[in-house]
Amino acid sequence: MADSTRVRFAPSPTGLLHIGGLRTALYNYLFTKHHGGAFIVRIEDTDQSRYVEEAEQDILDSLKWAGLNWDEGPGTESAYGPYHQSKRSELYKKYAEQLIADGYAYYAFDTTEDIEQMRERLKKSGNPSPKYDSITRQSMKNSLTLPQDEVKRRLEAGDEYVVRLKVPRKETVRFTDIIRGVVSFDTQGLDDQVLLKSDGLPTYHLANVVDDHEMGITHVIRGEEWLSSAPKHMLLYQYLGWEAPEMAHLPLIMSPSGGKLSKRKAEQEGIPINVRDYIQQDYEPEAVINFLAYLGWGPGDDREVMTLDEMIKEFSLDRVSKAGAVFNFKKLTWYNEHYMREKSDDELLPRIKKVAEKEGYEASDDYLKTILGLMRDRVSRLPEVIELGRYFFEAPAEYDEKSTKKSWKEQTPALVQKYLDEISRLGESDFKAATLKEKLSEVIEAEGVGFGKLMLPVRVSVTGMGFGPDLFETMELLGKEETESRIQKALEVLGK
RNA sequence: GCCGCGUUCGUCUAGGGGUCUAGGACGCCGCCCUUUCACGGCGGUAGCACGGGUUCGAAUCCCGUACGCGGUACCA
């Protein structure tokens, strides 16, 4: 193909990468890779006031963690670079001036106060949403209303100014969105968008159009929050004499309580919002990716689990749904459990080792692998293997009240004591799960009670909890000495 | 308010005029497996927002209404 697909993910370094941003990046990635095209990352750092130092690195790290490697972008420059908008100021300035020369834009010298006043005036006279538009610009200070020589004078004197798009009074802007079909807007509802700010940097609107054109972007795939400003962009393409790329506005990810999944809402509802949170909490990247892809897209058949490569093969924008998708945290958990269980002990070992070290536990690789095998079907995230399995590293400091109440009865101490006596007679090398289970069976048979009558109290004694992996395997792993001392201690604490 | 976009089980979705007594997944409930807790297996629960058309026939097409969401900045 002569015109191969080129898409971009264009985050703004104003904060850590949002989980919704990752989905936008993912859809861009899947789309372009499906067509054998390029995935470009462009940093939209035109807002100096909101710039966050560590944001860019976080965004890049998050993309890498998710497996979305870019063909062009920071650190991977090419002829289309640079990939930071802050390094392309000259370009935007040039095109802004071209637009002015062609009569599609103009200089505006109004101060923030001037505009504020205009808004207030209009509001008072009954206009609920005053805009700097084809009507109001006639009474403002700009190169359309000021005498030519004053404009020149102000420019030369270095007066602050912005460049605004001269949006026509009454026109209909129509374009086809890949996901939504034909959408149309009347220019009456648009304002004379600021293109170049007084600090000389462009706004998103100018910058994204210029860069998408200069970088040969063929498809713009972005969140629905951009749909409303798309007509301004279409106008810009037209005025600049460029062919606009294909547009696709993705449905938003919603919070369970409704509305765009904002930081505040997500936190309130216990949903981690930053990709960094998922990295820190040791989520499986495959799970996050799979979950995110399915939030608004699906292959059309019954498959729920898919690798990145399979998704690339299957992905198509016309299977993306139009309506917003509520973030279903339980489903993410399900995906995470699924992928975690699919992985081998060896694969998980380095990560679980890190968690153990962080918690201050020391253990051999074999020991950790055994715990992994015992715990992995019982936890939702990898670190929980350690968090819920502390008894593999230290004797229980206390015994779960509910489980104790349920299992520790009148006759219990005698029973447990009897079992303790039995296993004490075992040799170090006989302290195996099968034997330990056998011994327990012998005791309950001799005493004529049910299995649980003894097994549960022993479990509480050894782990402090009423549930968990196979008790006998656990005891074997802990070893004879540790196990016996724990049972001994429980008898003392919980009563004989 | 205005502009735009949307609306199938609680949630993510399949469905694109008859094959829909609407399928799958998560969740939830039950059963089986297991003398713990899980995993796993099996089964169940629950939905076409509403009102008009068009048509022999509509979840599917059209128009309204309602509701939801987004936008309305010298932020992206």
Side-chain angles (χ1 to χ4, degrees), chain A residues 10-15 21 44-47 49-50 85 108 110-112 115 119 126-132 160-164 177 179-181 183-186 188-191 193-205 207-208 222-231 249 251-252 254 256 258-260 291 294-305 319 321-335 337 341 374-379 388 403 406-407 437 440-441 444 450-456 458-460 463 465-471:
Chain A
S12 172
T14 53
E44 311 231 324
D45 52 352
T46 55
D47 186 352
S49 62
R50 291 205 303 156
Q85 292 188 325
D110 317 271
T111 62
T112 325
I115 295 170
R119 287 216 173 92
N127 186 336
S129 54
K131 283 185 294 289
Y132 200 121
E160 283 208 340
Y161 68 89
V162 300
V163 173
R164 284 182 181 271
D177 183 280
I179 293 172
R180 281 148 223 287
V183 287
S184 77
F185 293 81
D186 288 331
Q188 279 178 88
L190 307 180
D191 66 342
Q193 186 60 243
V194 169
L195 264 20
L196 221 52
K197 297 179 279 188
S198 55
D199 63 3
L201 290 175
T203 56
Y204 169 86
H205 307 283
N208 101 85
R222 81 235 288 196
E224 196 187 346
E225 70 266 31
W226 293 112
L227 188 56
S228 300
S229 45
H249 288 92
L252 263 22
M254 318 286 282
K260 184 156 78 164
F291 168 71
Y294 272 63
L295 222 49
W297 174 84
D301 53 36
D302 287 348
R303 282 175 295 174
E304 296 285 339
V305 173
R319 289 207 64 82
S321 59
K322 296 178 175 69
V326 175
F327 194 102
N328 184 346
F329 195 61
K330 286 222 169 113
K331 184 133 190 194
L332 203 216
T333 301
W334 176 79
Y335 271 117
E337 291 165 348
R341 281 159 202 159
L374 255 23
M375 294 293 284
R376 68 150 88 234
D377 283 350
R378 280 161 247 264
V379 300
L388 298 175
S403 309
K406 203 174 132 198
S407 66
K437 185 174 182 182
L440 194 137
S441 296
I444 60 158
F451 197 88
K453 283 271 186 292
L454 178 51
M455 192 276 253
L456 243 29
V458 173
R459 175 181 288 286
V460 170
T463 70
M465 304 200 289
F467 57 88
D470 187 85
L471 175 62

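Quick note on labels: first sequence line is chain A, next is B, and so on, each numbered from 1. Heavy-atom basis, side chains included; hydrogens, waters and symmetry copies ignored.
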Counting primed atoms, P, OP1 and OP2 as sugar-phosphate and everything else as base, the B/S/- map of nucleotides 70-76 of chain B against protein heavy atoms under 4.0 Å is BS-SBBB

Using a 4.0 Å heavy-atom cut-off to protein, can you give one letter per nucleotide of nucleotides 14-31 of chain B, 5' to 3': B if the base is in contact, S if only the sugar-phosphate is, - if neither? SS--------BBBS----

For A:Gly223, answer base if it contacts any base atom (sugar-phosphate contacts may also be present), sugar-phosphate if it contacts only those atoms, and nothing otherwise; contact means non-hydrogen atoms under 4.0 Å. nothing

How is A:Ser407 classified with respect to the nucleic acid when contacts are heavy atoms under 4.0 Å: base, sugar-phosphate, or nothing? nothing

Pick out the pairs of N or O atoms, protein on one side and nucleotides 45-50 of chain B on the other, that lie under 3.5 Å.
none

Of the non-hydrogen atoms in A:Ile115 and A:Arg164, which two are nearest, and what is the gap between them? CD1-NH2, 3.4 Å

Write down the protein N/O and nucleotide N/O pairs, taken from nucleotides 58-63 of chain B, whose separation is under 3.5 Å; answer none if there are no such pairs.
none

Please list, one pair per line, the donor and acceptor atoms closer than 3.5 Å that link side chains of residues 322-330 of chain A to other protein atoms, with sequence neighbours excluded.
{"residue": "A:Asn328", "atom": "OD1", "partner": "A:Lys330", "partner atom": "N", "Å": "3.3"}
{"residue": "A:Asn328", "atom": "OD1", "partner": "A:Lys331", "partner atom": "N", "Å": "3.4"}

Between CZ of A:Arg341 and C1' of B:rC39 the distance, given in whole Å, is 6 Å

Dump the intermediate steps for side chain to side chain contact (heavy atoms under 4.5 Å, CB included) on A:Tyr204 and A:Gln193, then the final yes or no. CA-CA 10 Å; A:Tyr204 169 86; A:Gln193 186 60 243; over 6 Å; no

Applying the Watson-Crick and G-U wobble criteria at under 3.5 Å, what pairs with B:rG51? Answer none if nothing qualifies. B:rC63

Please write out each protein N/O paired with an N/O of nucleotides 33-37 of chain B under 3.5 Å, distance rounded to 0.1 Å.
{"residue": "B:rU36", "atom": "O2'", "partner": "A:Gly466", "partner atom": "O", "Å": "3.1"}
{"residue": "B:rU36", "atom": "O2", "partner": "A:Arg459", "partner atom": "NE", "Å": "3.1"}
{"residue": "B:rU36", "atom": "O2", "partner": "A:Arg459", "partner atom": "NH2", "Å": "3.0"}
{"residue": "B:rU36", "atom": "O2", "partner": "A:Gly468", "partner atom": "N", "Å": "3.1"}
{"residue": "B:rU36", "atom": "O2", "partner": "A:Gly468", "partner atom": "O", "Å": "3.1"}
{"residue": "B:rU36", "atom": "N3", "partner": "A:Arg459", "partner atom": "NH2", "Å": "2.9"}
{"residue": "B:rU36", "atom": "N3", "partner": "A:Gly468", "partner atom": "O", "Å": "2.6"}
{"residue": "B:rU36", "atom": "O4", "partner": "A:Asp470", "partner atom": "N", "Å": "3.4"}
{"residue": "B:rC37", "atom": "O2", "partner": "A:Arg378", "partner atom": "NH1", "Å": "2.6"}
{"residue": "B:rC37", "atom": "O2", "partner": "A:Gly468", "partner atom": "O", "Å": "3.3"}
{"residue": "B:rC37", "atom": "N3", "partner": "A:Arg378", "partner atom": "NH1", "Å": "2.3"}

